[in-house]
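What follows is a short report on a single structure.
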Amino acid sequence: MTDLVSFWSYLSQGPLLWLTLTLAAYTLGDALFRASGRRPYVNSVMVAVAILAAILWLTATPYATYFEGAQFVHFLLGPATVSLALPLFDNLPRLRRSLLPVAAAILVSSVVASGSALAIAVAFGITGPELASLAPKSATAPVAIGIAESVGGLPTLTAVLVIFTGITGAVIATPLLNAMGIRDWRARGFAVGAAAHGIGTARAFQVHPVAGAFSALAMALNAIVASFVAPLVLTLFR
């Protein structure tokens, strides 16, 4: 047992181990998602997060050690977000026809996303940096972290909240929108992208290409609008 612990201690210091485990966890999550018939509650990211969290907890591995390897995946987050411009371009005529309702919807969604989260937090007595960390939770991760840093929040906490928001949106969006009787793929995709950013957008593309395009549009616009709205809404609750 001592030899096994020593071997793990040596192995866990290498960043390649954590990169490999991250990719393996997501691959397993994706396999389970496909095996379930693409059920939203078997979300690939959610499964991967659960697996990695269990490994880190069982091995008492600090997050900083894990991130030395996972940062390679983190680096790809920016290019992956930018690549969403391709489906936007493919659907440009359809997007142009919806310009005015899109502009109104993104402003309302950004205000509601920040305002509702902050109002609930204040009701539970949350203040200070923790409260500020909540304000940009519906923006895509790179933007949300930047907003959190600028308003005195905790970037690490914001990153966790962003991921939790995205997973929650990806899991509940399809059954919720079905229950509400919303059939327009533009509206469905836009709602998911505005509320659940990248993870929700990935789910939207799995459901329908038009939904994915409008989800990507909402995510991109929300990142811009949230940069102005989130700090303003936060001042109302401080």
Side-chain angles (χ1 to χ4, degrees), residues 45-46 49 63 74 77-78 81-82 84 88 95 98-173 175-177 179-180 182 184 186-204 211 214-238:
V45 176
M46 180 175 65
V49 168
Y63 177 78
H74 183 266
L77 182 61
T81 302
V82 173
L84 292 173
L88 287 178
L95 296 174
S98 306
L99 184 58
L100 288 179
V102 159
I106 199 65
L107 179 60
V108 172
S109 68
S110 185
V111 172
V112 171
S114 292
S116 60
L118 294 174
I120 294 171
V122 169
F124 280 93
I126 297 175
T127 59
E130 291 78 12
L131 183 66
S133 302
L134 275 165
K137 56 90 182 169
S138 286
T140 187
V143 174
I145 291 172
I147 295 172
E149 291 175 339
S150 68
V151 297
L154 305 171
T156 304
L157 177 57
T158 296
V160 172
L161 293 169
V162 167
I163 293 172
F164 180 76
T165 300
I167 291 174
T168 302
V171 170
I172 71 172
L176 178 61
L177 292 170
M180 296 174 66
I182 298 175
D184 190 321
R186 297 171 301 173
R188 290 172 67 104
F190 195 88
V192 173
H197 43 80
I199 299 175
T201 298
R203 172 60 184 164
F214 273 81
S215 184
L217 173 66
M219 184 182 72
L221 292 178
N222 191 47
I224 298 171
V225 175
S227 300
F228 299 94
V229 169
L232 291 175
V233 174
L234 179 61
T235 59
L236 302 176
F237 290 90
R238 278 180 159 172

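None of these values were measured; they are calculated from a predicted model.
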How far does [atom1] of [X] sit from [atom2] of [Y], to the nearest 0.5 angstrom?
{"X": "Asp184", "Y": "Phe214", "atom1": "CG", "atom2": "CZ", "answer": "8.0 Å"}
{"X": "Ile126", "Y": "Leu118", "atom1": "CD1", "atom2": "CG", "answer": "10.0 Å"}
{"X": "Met46", "Y": "Thr168", "atom1": "CE", "atom2": "OG1", "answer": "9.0 Å"}
{"X": "Leu131", "Y": "Leu234", "atom1": "CG", "atom2": "CG", "answer": "5.5 Å"}
{"X": "Thr140", "Y": "Ile224", "atom1": "OG1", "atom2": "CD1", "answer": "12.0 Å"}
{"X": "Lys137", "Y": "Ile163", "atom1": "NZ", "atom2": "CD1", "answer": "14.5 Å"}

_Going by the rule side chain to side chain contact (heavy atoms under 4.5 Å, CB included), which residues pair with Leu221 if we only count those two or more places apart in sequence or in a different chain?_
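Per chain and number, Leu221 pairs via side chain to side chain contact (heavy atoms under 4.5 Å, CB included) with Val102, Ile106, Leu217.
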Distance-minimising heavy-atom pair for [X] and [Y]:
{"X": "Ala139", "Y": "Val162", "answer": "O-CG1, 3.7 Å"}
{"X": "Gly169", "Y": "Ala196", "answer": "CA-CB, 3.8 Å"}
{"X": "Ala218", "Y": "Gly193", "answer": "CB-C, 3.8 Å"}
{"X": "Ile147", "Y": "Ser150", "answer": "O-OG, 2.7 Å"}
{"X": "Thr165", "Y": "Ala195", "answer": "CG2-O, 3.3 Å"}
{"X": "Ala216", "Y": "Thr201", "answer": "N-CG2, 3.9 Å"}

*When you look at Val192 and Leu177, which way does the side-chain contact (heavy atoms from CB on, under 4.5 Å) test go after all the steps?*
CA-CA 10 Å; Val192 173; Leu177 292 170; 4.2 Å; yes
Note, [X] side chain near [Y] side chain (heavy atom, < 4.5 Å):
{"X": "Leu176", "Y": "Met180", "result": "yes"}
{"X": "Val229", "Y": "Leu107", "result": "yes"}
{"X": "Val143", "Y": "Ser227", "result": "yes"}

Looking only at atom types and distance, does a side-chain atom of [X] sit under 3.5 Å from a main-chain N or O of [Y], one as donor and one as acceptor?
{"X": "Asn222", "Y": "Ser138", "answer": "yes"}
{"X": "Ser133", "Y": "Thr158", "answer": "no"}
{"X": "Arg188", "Y": "Ile182", "answer": "yes"}
{"X": "Ser109", "Y": "Ala105", "answer": "yes"}

